[in-house]
Amino acid sequence: MGTYLNPGNQGFQTIRNDIYVDKTGLIDYVNSTIDTPRKLTCFSRPRRFGKSFAAKMLCAYYDKSCDSRALFDGLEIAEKKSFEKGLNQYDVIYLDVTWFISTTKGIKTIIPDLQNSIISELKQKFSDCNLTEDNSLPRVLSNISEQTGNKFIIIIDEWDALFREAKHDDALQKEYVQLLRGLFKGGPATDKTIAAAYMTGILPIKKYGTESALTDFLEFTMTDPAKLAKYIGFTEQEVRQLCDDYDMDFERMSAWYDGYSFNRMQHVYNPNSVMKSVINEEYANYWTSSETYESLKNYISMNFDGLKDDIVAMLGGEEVRVTVSTFQNDVITFKNKDDVLTLLIHLGYLGYHAGERRAFIPNQEVADAFADAVRGDGWGDIGELLQDSEDLLEATIRGDSDAVAGALERVHSANSSILRYNNEASLSSAIMIAYYTARRFYKIVPEFPQGKGFADLVFLPRKATDKPVMIIELKYDKDADTAIRQIHENRYDGDLKKYFGNLLLVGINYDKNAAGTNAKKHTCVIETI
């Protein structure tokens, strides 16, 4: 066993020693690609979403230098017809690019250093082969395969690390791409040498214009994961099972860590945060706590028309339209706000509905990261409004209608065009911003079907809180009493009375024509049932 060649199964053994959610079905997919035109797979997803776990799992399964059968006993892959196909059958080359960068003496020489390190281990293993003093990894692999008939499986973790760590070094990036092309560009040499390859990283494969730098790879990404969507994170069924096994509140787990949604998988959870929540028996911000907010601040503060309004809209629970196809898959090439939003999708800060081409903030954990990021220069009063949202919620619960109306006046005067509403729909978005903190305690449902129609906003308390149910009805250029009357007449309170505790009816009106020294544009009426 070596560092790069046939690294063994210790990495996956360590993973199995802890709480483990079975993701070995991914092996069955990779098995299906071996020695086919689909044998090159790139599966990108955000940091802390299990990329390295998957890479170590694949190493343990394919590496011919060890016996991993017992490690997979009882797991999904052991029940698949393909289980025996690749189990410890291949020479595996494994490369963690982030680790290699951290150990190299200088990043400028990383490409020759990387090749020399792997070639050194190859020469030890295949000492009977006639290998010249060649310093080209693709040629050395080709020579070995020619002389032995061996085929390799190549697994690259954090493949895109160079594009993030040396983001302005075009020459180094192109040198790296040339190495990857030499290894994986289709043709007779590659067909004889590579049985399959699996690359994983945060970013999809770099584009040059509209062309992928590695056209032979089949890509699965956060904007289009296709059949691999269930391997991006934890599925709802997997999280429910963890909550049952470790006595955790599934509803709170969902609010904190669910929200990523794909055509084939509607509920995908952040796996790292779920596991830490189970281990610590607490719901908190685990994923973003390990990374500075500076990068998020920098991205969302870029001077692209409409970007800040889109961020504010998403903080208010809205989805925003985004075109993902123009993104160049790096961290410096931005032409418009869509490129920035697309990067945030790949980084895991935004979810994405491909069918509607809309981005959104997926859960409470990520929403808190955005809220922290907008508390600073360039965001006007938005950060302060989010900070004040806790006071607004408490004022509502205690029935202080004047305080609620005053808070909404401040929201409307904030320095953001998204908060300058001209109808009930845009008023609803502003209300969601104003009640930002309420998401910690409530599931907020816009256009809630109830009684004879749809209540504008219903706040359903989560199990672990004693907060009352709230129905908020909005009016524009009418009056707050009319809003309350509509709740009663349409029986919006209906089945909501079954909730234990008080039910608050909140009527809010905005009068754009209010004039005079003491006139108020916002009025509020609160009734307790």
Can you find a side-chain donor-acceptor pair between [X] and [Y] that sits under 3.5 Å?
X      : Y      : answer
Thr323 : Ser325 : no
Asn31  : Tyr62  : yes
Gln13  : Arg16  : no
Ser261 : Gln266 : yes
Asp368 : Tyr436 : yes

Can you measure from [atom1] ([X]) to [atom2] ([Y]) and round to the nearest 0.5 angstrom?
X      : Y      : atom1 : atom2 : answer
Ile111 : Asn116 : CD1   : CG    : 11.5 Å
Trp99  : Leu95  : CH2   : CG    : 9.0 Å
Ser44  : Asp224 : OG    : CG    : 10.0 Å

Salt bridge (charged side-chain N to carboxylate O under 4.0 Å, His left out) involving [X] - partner list, sequence neighbours excluded:
X      : answer
Glu84  : Arg69
Asp28  : none
Lys230 : none
Arg240 : Glu236

State plainly whether the residues Lys125 and Asp91 are in salt-bridge range, i.e. N to O under 4.0 Å. yes
Does the pair Asp330/Lys167 count as a salt bridge with the N-to-O cut at 4.0 Å?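 Salt bridge: no.
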Is there a side-chain contact between [X] and [Y] in this structure, where contact means two heavy atoms from C-beta onward sitting under 4.5 Å apart?
X      : Y      : result
Arg38  : Val30  : no
Leu460 : Val445 : yes
Arg462 : Phe441 : no

Holding to ring-ring contact (aromatic ring centres under 6.0 Å, His included), I want the full list of residues that pass it with [X], two or more places apart in sequence or in another chain.
X      : value
Phe327 : His346
Tyr269 : none
His353 : Phe360
Phe262 : none

Which pairs, with at least one residue in residues 136-146 and sequence neighbours excluded, count as a side chain to side chain donor-acceptor pair (under 3.5 Å)? Asp134-Arg139
The complete set of side chain to side chain donor-acceptor pair (under 3.5 Å) pairs with one or both residues in residues 151-161, sequence neighbours excluded, reads Asp35-Lys151, Ser52-Asp157, Glu158-Arg164, Asp160-Arg164
Report yes or no: is the cationic atom of Lys206 (NZ for Lys, CZ for Arg) closer than 6.0 Å to the six-membered ring centre of Tyr208, at no more than 45° off its axis?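 Cation-pi check for Lys206 and Tyr208: passes.
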Can you list the residues that meet the side chain to side chain donor-acceptor pair (under 3.5 Å) rule with Asp245, with sequence neighbours excluded? Gln241
Scan residues 211-248 for pairs that pass ring pair (Phe, Tyr, Trp, His ring centres under 6.0 Å), counting only residues two or more places apart or in two chains.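 Those involving residues 211-248 are Tyr29-Phe220, Phe184-Phe217.
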Does Phe304 have its ring centroid less than 6.0 Å away from the ring centroid of Tyr299? no
Step through it carefully: locate the ring centre of Phe12, locate the ring centre of Tyr20, and say whether they are under 6.0 Å apart. yes
Is there a donor-acceptor pair closer than 3.5 Å between any side-chain N or O of Lys297 and the backbone N or O of Val374?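 No.
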Among Thr326, Asn329, Val322, which one satisfies side chain to side chain contact (heavy atoms under 4.5 Å, CB included) with Thr342?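 Of all the options given, the one that passes is Val322.
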